[in-house]
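These notes are about the structure you will find just below.
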There are 2 protein chains.
Amino acid sequence: MKLTSKGRYAVMALADLAKFNSMNPVSLRDISLRQGISLDFLEQIFYKLKKNNIVKSIRGTRGGYILTKNPEQIKLANILNAVDEEVKTVQCKKESKKGCNGKTSKCITHNLWDELEIHINNFFEQKNLKDLISNSIESRN
Amino acid sequence: MKLTSKGRYAVMALADLAKFNSMNPVSLRDISLRQGISLDFLEQIFYKLKKNNIVKSIRGTRGGYILTKNPEQIKLANILNAVDEEVKTVQCKKESKKGCNGKTSKCITHNLWDELEIHINNFFEQKNLKDLISNSIESRN
DNA sequence: ACAATCTTGACTAAATTAGTCAAGTATACA
DNA sequence: TGTATACTTGACTAATTTAGTCAAGATTGT
């Protein structure tokens, strides 16, 4: 699980989408304006979200994107996995065939990062888009 | 909380230190060889660990470093905070005076990252150096 | 004296991030 | 049918961050 602006933007954009979803598709341009995210960057992000079947697109003049499911069915873990291709907490996983740091065995802390990754994933597994938008209303944002 | 190799190396090095601590100071050179971490990089890391009172140093020919406390009294959170100066999960905190993304209010996901940071911190608050080394013996490493 | 070790700052190559740019394709609507 | 709007997709790039290296010294044990 990689946590970058790309992931944050994806969550923000989808929260925006969930909020204004009602029935009409929402254009990236609108999201870009409301959330202050570069349109070009959003395009990249939504390309991935679409490939991962989290949104679907409607082309043409009044087109835009809509969620494929209800907000409460979309877990944040799904979103982050969709945009942040590689899953990692901290190095030391990708060289796992040969051990860590070029050694032949796993490093002392190897299990630790495994556990951490699970811990973080749990967090995102337990949150869905609806949680986010109800929270933001609650806190008067 | 930033998670990089620097933090991982710090934890590895201190776990090594805890293991061989017995009574004699352990030199960075030894740690470097055992853990496969660059000596120069270790020096940087231990500089910070010392400033944060996690280790103390003994100079001279048979010098090296020793832990200032028992391994079970050193929480991983302490270590990571010591070496990873800046605390952050994902952008959107440092501009917190002016809101996120240059907007005047907090972004929809702001609270989310706060929660996540707490979640991760809890993880590291609950683990100490002793946990690490007993685990690694247990799993025959 | 001298070798081992810690101390500290400055510098840098490589990787990653956070985008931009560009050239399209599809659709709605006038 | 033309045109504006919006999605589609790949390629490229500036800025930042990471993960170190390099260097010059200060201390101490023997």
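Here is how names work: the chains are called A, B, and so on, in the same order as the sequence lines, proteins then strands, and each is numbered from 1. Hydrogens, waters and symmetry mates are skipped; everything else that's a heavy atom, side chains included, is used.
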Practice prompt. To the nearest Å, give me how far apart CG (B:Leu42) and P (D:dA19) are.
Written response: 14 Å
Worksheet item: Roughly, in whole Å, what's the span from CZ in B:Arg8 to C1' in D:dG20?
Response: 13 Å
Worksheet entry | side-chain hydrogen bond (donor to acceptor under 3.5 Å, both in side chains) against B:Asn128, all qualifying residues, sequence neighbours excluded | none
Item to complete: Report the residues that fulfil side-chain hydrogen bond (donor to acceptor under 3.5 Å, both in side chains) with A:Asn78, sequence neighbours left out, ordered by chain and then residue number.
Response: none
Worksheet, complete the sentence: Sorted by chain and number, sequence neighbours left out, salt bridge (Lys or Arg N to Asp or Glu O under 4.0 Å) with B:Lys75 holds for B:Glu125
Discussion item. I need the CZ-C1' distance between A:Phe41 and D:dC12, as an integer number of Å.
Written reply: 14 Å
Practice prompt. Using the test side chain to side chain contact (heavy atoms under 4.5 Å, CB included), find all partners of A:Pro25 that sit at least two apart in sequence or belong to another chain.
Written response: A:Ile58, A:Ile66
Response to the item:
In B/S/- notation (B base, S sugar-phosphate only, - none; protein heavy atoms under 4.0 Å), nucleotides 2-10 of chain C written 5' to 3' is -BSSBBBSB
Worksheet item: In whole angstrom, what separates A:Lys56's NZ from D:dT8's C1'?
Response: 18 Å
Fill in: Gap between atoms CD1 and C1', on A:Ile45 and C:dG19 respectively (whole Å)
10 Å
Practice prompt. Using atom NZ of B:Lys6 as one end and atom P of D:dT21 as the other, report the distance to the nearest whole Å.
Written response: 13 Å
Discussion item. Between P on D:dG20 and CE on B:Met12, what's the gap in Å once rounded to a whole number?
Written reply: 11 Å
Fill in: Nearest-Å distance for atom pair CG/C1', residues A:Leu17 and D:dC7
14 Å
Worksheet item: Does A:Thr4 place a side-chain N or O at less than 4.0 Å from the phosphate oxygens OP1/OP2 of C:dT16?
Response: no
Item to complete: Starting from B:Tyr47, walk the hydrophobic network (Ile, Leu, Val, Met, Phe, Trp, Tyr; side-chain heavy atoms closer than 4.5 Å) and list everyone else you reach, by chain and number.
Response: none
Worksheet item: So, does A:Asp16 use its side chain to make a donor-acceptor pair with the main chain of A:Met12 at under 3.5 Å?
Response: no
